[in-house]
Number of protein chains: 2
Amino acid sequence: MTVIRGARERARSDVTAAIKEEARRRLAAEGAARLSLRGVARELGMVSSALYRYFPSRDELLTALIIDAYDAVGEAAERALDAGAGARPVARWTAVCRAVRDWALAHPHEYALIHGSPVPGYAAPQATVGPASRVGLALIAVVADAHAAGALRTSGPPVPEAVLRDVAALRERLGLPLPASVLAEAVAAWSQLFGLVGFEVFGQFERVIDARDAFFDHAAARLARLVGLEELEGDSGR
Amino acid sequence: MTVIRGARERARSDVTAAIKEEARRRLAAEGAARLSLRGVARELGMVSSALYRYFPSRDELLTALIIDAYDAVGEAAERALDAGAGARPVARWTAVCRAVRDWALAHPHEYALIHGSPVPGYAAPQATVGPASRVGLALIAVVADAHAAGALRTSGPPVPEAVLRDVAALRERLGLPLPASVLAEAVAAWSQLFGLVGFEVFGQFERVIDARDAFFDHAAARLARLVGLEELEGDSGR
DNA sequence: CCCCCGGCAAGAGCAATGCTCTCGTTCTTG
DNA sequence: CAAGAACGAGAGCATTGCTCTTGCCGGGGG
């Protein structure tokens, strides 16, 4: 599919990759706000204007990095998803959550790029929505598999009508045979997961929780049960 | 206590307030990244260097704005807490959550300032930790009052030992008679609330959930039940 | 085979930024 | 009342994103 057409194109993609690599390095070192085009150009032995042949603006470069970051965390989640294919649903869910958290802790600046404040005036380009949903889809996949295996508790407090409609449209788009109410809970849990991760990455748990691993695993498992995944006997309902 | 000593001090606090006000205006208009000292100075009819008499650096200005934002959202939460003094715990919890969300949606850039990516190299100064915990304390207050009223389900899946230790220390610091396990759940729910809010403010629910109000209320109520607040009959446990 | 057109890097330059330093002025205080 | 601190203005430095012009150089069409 990606046949190398000529030396010219190869050189172009090489340089593009080198720019992104160096940019990611500087990003990890000092954050998005301090990422300067001139800086990466300098490090690469080019002149700043040359970079504009590859990225039309600094924001475009950032967008590329954002997509890469979404893909990286999404891939981590999917790897955990696949690795836990046979496991019990709660364990599998927790593993996916942990993969996300571990990636975020290992790449805090990239995490900030995708789940922190959007850069300047910046509205997320359409190209980011696909990669952005990979983690959510991985979580939903856990639930869907559990549903198929009959390990899903589908009852719960009633979900508002309007939400059910939204979520039914989503189910349609995804082509999943999940009950709408469960999907609604999964979407909520998806966002809540990033609350847990964000607090930890941005240091809000400092001096509050020290045993972060245990805390996170416990919270992730509770989230799993909240969406209805297999419950161990005698843990829910007084 | 705060007696005005002389015209000089009064002028100083006036100017300081004007700077913060203008800065907040520009912050709301175009975000933290585009907030420039020169810009607010220009708008105030001063010269940029004069600003440095009031804030030693741009980051100090941002820190002041951060503290103000934490206080604003914390105050909103506390108002909801007080307003719901007699209400049933789940409703009161949900009201506090909604207050946080409404404030965040009304002030997205200030929200991004406090719960988005930390600025450059920036480690949260000690002065921010107090205001930063006001929302969390309001949530915990709901739980504590429910506990005192006997409307709290204190059983649940076992919380890991290490987490219990951390949380016991926290309870000590707060002087609250809450079971440690409940406090642990409350801390988790606190962070998860900001997952929900953040996703909405930063647009991750775009084209996924349209009925955001209903969705949020539902999710907040589920969070309330997760921490053990009064449950309506027949909604938990298959 | 050559040649020439298009992609490319370099450099200068513009407007803007954060921050520093100096210089008079003005208000506070001893 | 006079010394000293606080203050505003202005110039200046290094840096940033981005544009424009100028040449170079290599690969595909003649």
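Remember, predicted model here, so these are calculated numbers, not experimental data. Both backbone and side-chain heavy atoms feed into the values below; hydrogens, waters and symmetry mates do not. Throughout, protein chains are lettered first and strands after them, A, B, ... in sequence-line order, and every chain is numbered starting at 1.
At whole-Å resolution of the value, CD1 in A/Ile19 and C1' in C/dA9 are 12 Å apart. Taking atom CD on B/Glu43 and atom P on C/dT17, their separation rounds to 12 Å, with Å as the unit. Per the geometry, CZ belonging to A/Arg34 stands 13 Å off C1' belonging to C/dT17, to the nearest Å.
Between A/Glu21 and A/Arg24 there is no salt bridge, since no side-chain N of the basic residue sits under 4.0 Å from a carboxylate O of the acidic one.
Under the 30°/60° scheme for interplanar angles, the aromatic rings of B/Phe199 and A/His115 are found to lie parallel.
Scanning for side chain to side chain contact (heavy atoms under 4.5 Å, CB included) contacts around B/Leu137 gives B/Ser133, B/Leu174, with sequence neighbours left out.
The backbone N or O of A/Leu178 sits less than 3.5 Å from a side-chain atom of A/Arg171, completing a donor-acceptor pair. For B/His218 (side chain) and B/Ala214 (main-chain N/O), no donor-acceptor pair under 3.5 Å exists by modelled atom type.
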(message) One character per nucleotide, please: for nucleotides 7-17 of chain D, 5' to 3', B when the base has a protein heavy atom closer than 4.0 Å, S when only the sugar-phosphate does, - otherwise.
(response) BBBB-B---BB
